[in-house]
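Notes follow the structure.
Residue numbers begin at 1 in each chain, while the letters A, B, ... track the order of the sequences.
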Amino acid sequence: MSWKFKRDSVWKYSQSAQYGAHENIPRLSYPPFFPRFEFQDIIPPDDFQTSDEELDLVLFGTMRGQVVGIRYYTGVVNNNEMVALEREPNNPYDKNAIKVNNVNGNQVGHLKRDLAAALAYIMDNKLAQVEGVVPFGASNTFTMPLHMTFWGKEENREVVLDHLKKHGFKLGPTPKTVGSSLENTWGSGRAGPSYSRPVHVAVQMTTEQLKTEFDKLFEDLKEDDRTIEMEPAEAVETPLLPHQKQALAWMIARENSKELPPFWELRNDLYYNTITNFSVKERPENVHGGILADDMGLGKTLTAIAVILTNFDDGRPLLGKRGKESHPGKEYKDETVKLRGSNTNKTTDGHSEPSACSEEPSISDVSEKSNVSDLFSFFSKRRKISVQSTESSESEEIETSKLSQKMKGKLKNTQLDTKSKVKGTSVMESSKKCDTGERTRTTLIICPLSVLSNWIDQIGQHIKSEVDLNLYVYYGPDRIRDSTWLSKQDIILTTYNILTHDYGTKDNSPLHSIKWLRVILDEGHAIRNPNAQQTKAVLELEAERRWVLTGTPIQNSLKDLWSLLSFLKLKPFTDREWWHRIIQRPVTTGDEGGLRRLQSLIKSITLRRTKTSKIKGKPVLELPERKVFIQHITLSVEERKIYQSVKNEGKATIARYFTEGTVLAHYADVLGLLLRLRQICCHVHLPTNGTSSSDPSRSDTPEELRKMLVTKMKLILSSGSDEECSICLDSLTFPVITHCAHVFCKPCICQVIQREQPHAKCPLCRSNIHGHNLLECPPEELACDSDNKSDMEWTSSSKINALMNALIELRTKDPNIKSLVVSQFTTFLSLIETPLKASGFVFTRLDGSMAQKKRVESIQCFQNTDAGSPTIMLLSLKAGGVGLNLCAASRVFLMDPAWNPAAEDQCFDRCHRLGQKQEVIITKFIVKDSVEENMLKIQNMKRELAAGAFGTKKTDADEMKQAKINEIRTLIDL
DNA sequence: ACCGCCGGGTGCC
DNA sequence: ACCGCCGGGTGCC
């Protein structure tokens, strides 16, 4: 997460004033001194123009006007209440008509004709945003005064003032003096005096303060008194942890609440909103939902499943058995089916986390190619999920894409033959609107594709096998689009992309014609961009109960929250203007009241616990302790000899680069040397990936050059150095190598080339670069060279000896303890296999080169605790996604240090996580007086950096360069 | 609306 | 009086 100050807009606000700080309006009090800050996403990928426009508005001035005709309308306001002005160009009496609406959207009256005549042009051409407040006289019978505030872009100020002048109006001044008293600042507009608040001094918050303030929004929620627990329905097989029972109780209370929505109370027969000071006669509808913002790993999915089953029908749980409809169908035999023709996927059996499917097509992937043949169907079978490629859906055999998931028996996957079942009946024909007469009790779950299989998996695992529940995975080209049929299921599971795709295809979105009992958005931040089609598709779903599950409630910006509130139908914030006026602008200008409102708003609809949250003094997740030991290794005399000779030779070369100032130009070479040193620390025979370093410019033919560069890139990528792209400073995505041998993300470097054309230069070495000579990494994997090793006679190494000693000692102590042996070098893992076999260890292996099917097998095998199951897993550092669950292991042997400490931590988390019962002991092997020790130093530096600074993210290329050069110095003792 | 405005009734003091 | 003034009718846009 990163933060940045946007000085500009802060200043704009500080130099102007805005309506609000007035004794008459205590609820909108703006203290004169309060730090102002802005939550601004620094990452540009999806910035939203409209919001930015809003932020750039400055105050033009204020004016007094009149609201007339109020006796004709039912909308009511209180004194000091905000109103919205809305153009009504089709008014039969006056094309300039401007309606005045209260916060609830009810019309209060019209602007007086002459005023409307002046404002219509301004509003129609968006020259200014006019905001109104009724300062007093709210209970008048015929007319009431209106205080108007004009906001707009600086460049439009003159036009607006001129236009108003033409109509005989003049804006009141915007006070510039700090602390000027209210009485002195009454404006002089023709329409009456206007007033404004004193402007406050801009006190800039430090980055830390900023972060703290923002974090507190959610951190405060942890210390909540939502301690009532609730037992889930019997149908839920998995016992809930205390914090999950609390979430269950809270969520169900919110769903069934007959109480007024947050911030509403009954006052003199009117419903009064304490946050907006607004009242209505009609009882406002409660928000039957909210945001479950628990940290990752606290079991949001399980909690949501428990809610579905426990609050199934009219507040009652789903009972074990229901009607005995059965869907005839053959058992689906093949358990692992091709995913997109190349990967296979099958999730683990009996464990709460599925294996991550890192090879899954990305979300954007799918949406871009909405081509049906690129979509898949997912099936669940006996708590195992198979992924069915629909590319072959023409063939009769695999015609399985549409399915009713009968959870009867052991999640038996019964199959509907499309052709006979669906087409043949009237289901297809009746696919217009769903029968609104019958109340749906269907829950729609929308999630990113990457977690779809996780949902299927968890639904399978957490629901008792005898429970009769219909789950339909609305996915794949042949998904059943019949809304009547869909609304008879219990759970419909789909992805954002499917939803969006359907939404974009006119008249073909059954999901939008059903009134759902409940809609659950998983990874709710998927809809944080209010302009994204995806968000629109989600916002148009109709549902009684609405939930957002997210681990990151506000990622970077307040704006993110708006879409969520909008989805939850939390009035009046569904309307951007109100959100902006009541929350966003006050908060971004540093108004304490705004922050307070935001806080209570969030608090009322959000439940958040972090991994460190406590329940009754105990941490939510009681993970056993985790201890990290560093075991120093002394190289043997021979090893040291080899190490020193390679080092001395390399050091001389690099020293030359330093004096020449060409370190970065030879970056790949430098890394290559470091890599070789690191490998020698592990084992002197570790292959050096062939290529000796040479200058790319000296290569003879283009083909040779190409080969060499690709080899270099592979070297960099495989060296485990966790290279960041120097442009986005993130991990490399779509790595490409330049002719000057520097690796960047393809999108990043292409952007640079685009921007700097026609003379783009490499951000690292300033060589000329061109879009057409970037080289991509060929798809074939880098691994698979482990076999040719076998020719060479196996020898041990100091590290291997240390490892084997430790493993054997451990086995003697407790033969059941399982260990992870982690290295960045798969070839090293291969070398370790020999002594493991020799000493009779049963082991398995997991690395990036393995096919999905093999991975899953390996994980299942390892996680199995039966006698004879492997006690050791050889694991490559970066294998598997964050979801990888290896909690059967309680020991980790890290054979070689990683550049990035976060990568190590992530690796440790694979066994130190929910489900771990034992103390986790981690041993890091570090060779004394070697590059490895220096790497530890760099790790510590990185740790400090990560912990301390937040603004550090956007270091520029120069700093980046310097940092890299310094790293190299440290590593090679220069 | 205890207003403004309209338009008909009316017309010395 | 092609005015002023009176008082009733009336009333958003």
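Look at the C1' atom in both dA1(C) and dC6(C): the space between them is 15 Å, to the nearest Å. Of the P atoms belonging to dC13(C) and dG9(C), the separation is 23 Å, rounded to the nearest Å.
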Could you list, one pair per line, each protein nitrogen or oxygen that sits under 3.5 Å from a nitrogen or oxygen of nucleotides 11-13 of chain C, together with the distance?
residue	atom	partner	partner atom	Å
dC12(C)	OP2	Arg71(A)	NH2	2.9
dC12(C)	OP2	Tyr72(A)	OH	2.3
dC12(C)	O2	His110(A)	ND1	2.7
dC12(C)	N3	Tyr73(A)	OH	2.8
dC13(C)	OP1	Arg113(A)	N	3.0
dC13(C)	O3'	Asp94(A)	OD2	2.4
dC13(C)	O2	Asn91(A)	ND2	3.0

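Pair assignment for dA1(C) gives none, since no Watson-Crick or G-U wobble pairing has each distance under 3.5 Å.
Distance, Phe142(A) CZ to dT10(C) P: 14 Å, rounded to whole Å.
With Trp562(A) as the aromatic partner, Arg576(A) meets the cation-pi criteria of under 6.0 angstrom to the ring centre and within 45 degrees of the ring axis. For the pair Arg581(A) and Trp151(A), the NZ or CZ position fails the cation-pi test of under 6.0 Å to the six-membered ring centre and within 45 degrees of the ring normal.
Scored by the salt bridge (charged side-chain N to carboxylate O under 4.0 Å, His left out) test, Glu158(A) finds no partners at all (sequence neighbours excluded). Shown here are the side-chain contact (heavy atoms from CB on, under 4.5 Å) partners of Arg113(A), two or more places apart in sequence or in another chain: Asp94(A).
Ring centroid separation for the pair Trp516(A) and Trp547(A) does not come in under the 6.0 Å cut-off.
Note: Trp579(A) and Phe573(A) have perpendicular aromatic rings, judged against thresholds of 30 and 60 degrees for the angle between ring planes.
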